[in-house]
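All values below were derived from every heavy atom in this structure, side-chain atoms included, with hydrogens, water molecules and symmetry-related copies excluded. Here is how names work: the chains are called A, B, and so on, in the same order as the sequence lines, proteins then strands, and each is numbered from 1.
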Amino acid sequence: MRVEQKVENVWRSNIAKISSFVRIAEARYFSRIYKKAEKVRHTSAFVIFYLSGKEREVAFVAGKKVGKAVARNRAKRLLRAHFIEVAPKLKSGAYIFVAKAPLLEMSYPARRKLFVEALRKIAVIKES
RNA sequence: UCGGCGCAACAGGUAGUUGCCUGUAGUUUGACUACAGGAGGAAAGUCCGAGCUGCAUGCGGGAGAGGAUCCCACCUAACGGGUGGCCGGAGUAAUCCGAGGGCAAGUGCAACAGAGAGUAGACCGCCUGCUAAAAGGGGUCAGACCCGCAACGACAACGCUAAAGCAUUGUCAUUGAGGUCAGACCCCUUGGCAGGUAAGGGUGAAAGGGUGGUGUAAGAGACCACCGGUGCCUGUGGCAACACGGGCAGCCGGGUAAACCCGAUCCGCAGCAAGAAGCGCAUGGUAAAACUCCCGCAACCGCAUGGCGGUCAAAGCGCUUUGCUUGAGUCUAUUGGUGACAAUAGACCUAGAUAAAUAACUACCCAACGACAGAACUCGGCUUAUCGUUGCGCCUUCUGC
RNA sequence: CUCCCCAUCGCUUAACCGGAUAAAGCAGGGCCCUCCUAAGGCCUAGCUCGAGGUUCGAGUCCUCGUGGGGAGG
């Protein structure tokens, strides 16, 4: 219930909207998704956590291992850019993408292929 | 020209597709549309200085603790920053570098080596005196002995001669030089003892001014000349640091304060996770405070009232709003100044996010995938990281003409 | 974001007020001992986070950087 309330607040304040997905901003909500994630997909460049639900929520994370501030920002932007491409096809629920260091060294086709394949493996892309 | 030095600017661009943040306006108001704007020279490290905000009533002052700075003048809101100079060092030069007060206030430290390491010091050396019955060398003197030599004399023998005499041999005596032995005296060297001496050697990172002379037993600032340095007085130039001189003085008092410390100057402390407001939650009568202390004034409270004592009532948690971007602002021109910078005029508004916005992809340009790298309250600096491109000014050991 | 600490062989610690060839234990390598191993004995390699500065001399003092750690919602 508490989490739902937080989500309401986020909605009301009208911040951080990406392609009809709302950004996740609450630290406790993050750890909740990490623990209860229904599907977790590891790749060489990033990790995906997915928890199904009515709302459409997303977050992009880059830890200190990725690099300095510039590298972390770029990693999150790359993940966000790929996410926007496939966002309309995704099922509703909470997504968290955690970047890893090798992401920055990959070329665009390789990144895109890896991203789409990973989402398809956990079966969250609606077949249309 | 090669090479080098200094200063400044830029930090990929263009087009298309899909997207992000903020503001303004509009609409069918939890959204959408249009327009405008949207990281840096270091945004970094957090090393300094401020603004701003608070810190047990406020204002003012003082002391202590603690910290910082240290040639001079100027610039600046301020600074430990900058500019110009001084001094010292590097370089042919342009130019660059320097935490650059005080160890002739005190206390401490200097391993090893060395005689001695801070009121200096005698290891070698140099010099003086004493010692010697010690050792060696030299000189003088007189003596004893020795053997042969030389000279001269006496005697004897033999030979020659008429004789004087000559020659040879032997013995003795004298003299001379010589050798050996022990002795006396003197000198030198070595040794021992007592001193003198800091010129020289040697040790060390460092040995208590340097060079030459006088002087002395040998030496020494013991004395003298010149040079260096220190202190005091003083002249010229400079705002000053200081520079160039003159005179006097004692003879010279080494290094280390990024050792304790002393002196002068400056600083109250904490930080936007400061602080303020709203809504909600759940407690609570003791917890919470930002270096310590003193004085004065004012306000208020209490009391036993010309005085004495005192001064917080909330702190917390969750969310939202605010602080939050117009400011010691930026650009241009002119003037003043060697310069940092200042003044005047005009123009401009230039990110304010909050899991945190500038992106992804395609094509082309260029030698280049492009360097270092992402605002988080805001400024002024410093330091560190950095692929390159361009412009301006300057130097001349070297390369070429 | 702000404010503080720390750094010595592979690991855990020493090194006094600046004076060494930087020390010890464990771990490593070699040899001895043993039928073999363990234990034990002997020997051995390996370190002051990096760059400057102060000093005659720096692990120690100072500055800058690097890498760790902590506190504040």
Side-chain angles (χ1 to χ4, degrees):
Chain A
M1 292 301 109
R2 199 178 177 80
V3 170
E4 302 264 307
Q5 191 180 344
K6 296 299 165 292
V7 172
E8 284 298 310
N9 285 337
V10 169
W11 270 106
R12 197 173 296 129
S13 62
N14 186 25
I15 54 168
K17 234 186 103 189
I18 297 175
S19 192
S20 79
F21 274 79
V22 170
R23 297 245 184 110
I24 301 165
E26 176 67 20
R28 289 181 203 169
Y29 193 36
F30 264 84
S31 50
R32 177 188 154 91
I33 294 169
Y34 286 144
K35 282 181 193 168
K36 300 200 172 181
E38 293 163 2
K39 295 184 177 173
V40 178
R41 180 68 184 169
H42 291 269
T43 72
S44 60
F46 52 89
V47 182
I48 303 173
F49 294 87
Y50 172 69
L51 177 63
S52 63
K54 284 188 289 179
E55 311 293 346
R56 293 161 74 79
E57 300 165 302
V58 69
F60 305 94
V61 176
K64 221 170 187 179
K65 281 184 179 177
V66 174
K68 297 197 170 187
V70 173
R72 294 197 300 271
N73 279 347
R74 180 165 168 77
K76 285 189 281 187
R77 282 167 188 160
L78 287 172
L79 289 175
R80 193 177 299 130
H82 287 295
F83 181 78
I84 286 162
E85 283 190 66
V86 296
K89 298 184 191 172
L90 292 175
K91 294 180 180 174
S92 63
Y95 294 83
I96 298 180
F97 295 86
V98 179
K100 290 162 77 174
L103 179 71
L104 301 174
E105 289 153 22
M106 297 177 74
S107 65
Y108 170 69
R111 277 202 314 269
R112 186 180 151 77
K113 189 182 175 191
L114 187 68
F115 193 85
V116 175
E117 289 290 317
L119 288 172
R120 191 162 287 153
K121 279 275 161 80
I122 58 174
V124 290
I125 296 182
K126 295 178 199 163
E127 306 299 333
S128 57

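- Taking a pair as Watson-Crick or G-U wobble with both distances under 3.5 Å, the runs of three or more consecutive pairs in RNA chain C are C:1-7 with C:66-72, C:10-13 with C:23-26, C:28-32 with C:40-44, C:49-53 with C:61-65.
- Base pairing of B:rG393 is made with B:rC5, judged by Watson-Crick or G-U wobble geometry with both donor-acceptor distances under 3.5 Å.
- Residues A:Ala62 and A:Arg72 approach most closely at O-CD, 3.4 Å, considering heavy atoms.
- A:Phe97 has its CZ atom 18 Å from the P atom of B:rA355, to the nearest Å.
- Taking atom P on both nucleotides, B:rC59 is separated from B:rU53 by 13 Å, rounded to a whole Å.
- At a cut-off of 3.5 angstrom, counting only N and O atoms as typed in the model, there is no donor on one side facing an acceptor on the other between the side-chain of A:Arg77 and the base of B:rG19.
- Using Watson-Crick or G-U wobble geometry with both donor-acceptor distances under 3.5 Å, B:rA63 finds its partner in B:rU292.
- The nearest heavy atom of RNA chain B to A:Val61 and to A:Val70 marks one nucleotide each, and the one closer to the 5' end goes with A:Val61.
- With a cut-off of 3.5 Å on both Watson-Crick or G-U wobble distances, the partner of B:rA154 is given as B:rU171.
- Aromatic ring orientation, A:Phe97 versus A:Phe115: parallel (interplanar angle below 30°, classes split at 30° and 60°).
- Rounded to an integer number of Å, the gap from A:His82 NE2 to B:rC20 P is 17 Å.
- A:Met106 places its CE atom 16 Å from the C1' atom of B:rC361, with the value rounded to the nearest Å.
- Across the C1' atoms, B:rG153 and B:rU174 are found 8 Å apart, a figure rounded to whole Å.
- A syn orientation is assigned to B:rU350, its glycosidic angle lying within 90° of 0.
- Along RNA chain B, the nucleotide closest to A:Ser107 and the one closest to A:Tyr34 are compared, and the more 5′ of them pairs with A:Tyr34.
- Using N1 to N3 plus N6-O4 or O6-N4 for Watson-Crick, or N1-O2 and O6-N3 for G-U wobble, each under 3.5 Å, B:rG176 pairs with B:rC149.
- Look at the P atom in both B:rC186 and B:rA177: the space between them is 26 Å, to the nearest Å.
- B:rG268: glycosidic angle beyond 90° from 0, hence anti.
- Separating the C1' atom of B:rA258 from that of B:rG101 is a span of 15 Å, rounded to the nearest Å.
- Nucleotide C:rU55 is shown with a syn base, its glycosidic torsion being within 90° of 0.
- Between A:Leu78 atom CG and B:rG19 atom P the separation is 18 Å, expressed in whole Å.
- Using a 90° window around 0 for the glycosidic torsion, C:rG70 falls outside it and is classed as anti.
- Residue A:Val47 comes nearest to A:His42 through the heavy atom pair CG2-ND1, 3.6 Å, listed as atom of the first residue, atom of the second, then distance.
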>> Would A:Leu90 and A:Val58 count as a side chain to side chain contact (heavy atoms under 4.5 Å, CB included) here? Give the steps.
In response: CA-CA 11 Å; A:Leu90 292 175; A:Val58 69; over 6 Å; no
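- B:rA375 and B:rA44 have their C1' atoms separated by 12 Å, given to the nearest Å.
- For the pair A:Asn73 CG and B:rA43 P, the computed distance is 18 Å after rounding to whole Å.
- Here B:rC248 sits opposite B:rG231 as a Watson-Crick or G-U wobble pair (both hydrogen-bonding atom distances under 3.5 Å).
- In this structure, B:rA39 shows a glycosidic angle within 90 degrees of zero, which is the syn conformation.
- If you check B:rA194 for Watson-Crick or wobble pairing at under 3.5 angstrom, you find it paired to B:rU128.
- Contact detail for A:Ile122 and A:Lys39: the closest heavy-atom pair is O-NZ, 2.8 Å.
- Taking the P atoms as reference points, B:rA154 lies 15 Å from B:rA164, given to the whole Å.
- Protein atom CZ of A:Arg72 is 13 Å distant from nucleotide atom P of B:rA44, rounded to whole Å.
- Pairing for B:rA184 is with B:rU140, a Watson-Crick or G-U wobble pair whose two hydrogen-bonding atom distances lie under 3.5 Å.
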> Should A:Thr43 and A:Ile48 be marked as a side chain to side chain contact (heavy atoms under 4.5 Å, CB included) after you check the CA-CA gap, both sets of side-chain angles, and the distance that decides it?
Replying inline: CA-CA 8 Å; A:Thr43 72; A:Ile48 303 173; 5.8 Å; no
> Yes or no on side chain to side chain contact (heavy atoms under 4.5 Å, CB included) for A:Tyr50 and A:Leu119, after CA distance, side-chain angles and deciding distance?
Replying inline: CA-CA 10 Å; A:Tyr50 172 69; A:Leu119 288 172; over 6 Å; no
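- Closest contact between the side chain of A:Arg80 and the listed nucleotides B:rU358, B:rU18, B:rG374 involves B:rU358.
- Nucleotide B:rC21 holds its P atom 15 Å from the NZ atom of A:Lys76, rounded to whole Å.
- With B:rA355, B:rC361, B:rG374 as the candidates, the nucleotide lying closest to the side chain of A:Ala59 is B:rA355.
- Between A:Tyr34 and A:Phe49, the ring-plane angle classifies as perpendicular under the 30° and 60° cut-offs.
- Base pairing annotation: B:rC79 forms no Watson-Crick or G-U wobble pair, as no partner gives both donor-acceptor distances under 3.5 Å.
- Nucleic acid contact class of A:Lys68 (heavy atoms, under 4.0 Å, all strands): sugar-phosphate only.
- A:Phe83 has its CZ atom 15 Å from the C1' atom of B:rU18, to the nearest Å.
- Listed candidates were B:rG19, B:rA375, B:rA355. Nearest to the side chain of A:Ile84 is B:rG19.
- The C1' atoms of B:rA355 and B:rA376 are separated by 14 Å, rounded to the nearest whole Å.
- Legend: side-chain hydrogen bond (donor to acceptor under 3.5 Å, both in side chains) pairs involving residues 101-110 of chain A, not counting sequence neighbours, sorted by first then second residue: A:Glu85-A:Tyr108.
- Taking atom C1' on both B:rG237 and B:rC260, the two are 44 Å apart, rounded to the nearest angstrom.
- In terms of heavy atoms, A:Arg111 sits closest to A:Met106 at NH1-O, 2.9 Å.
- Looking at the side chain of A:Tyr108, the nearest of the listed nucleotides B:rA373, B:rC361, B:rA355 is B:rC361.
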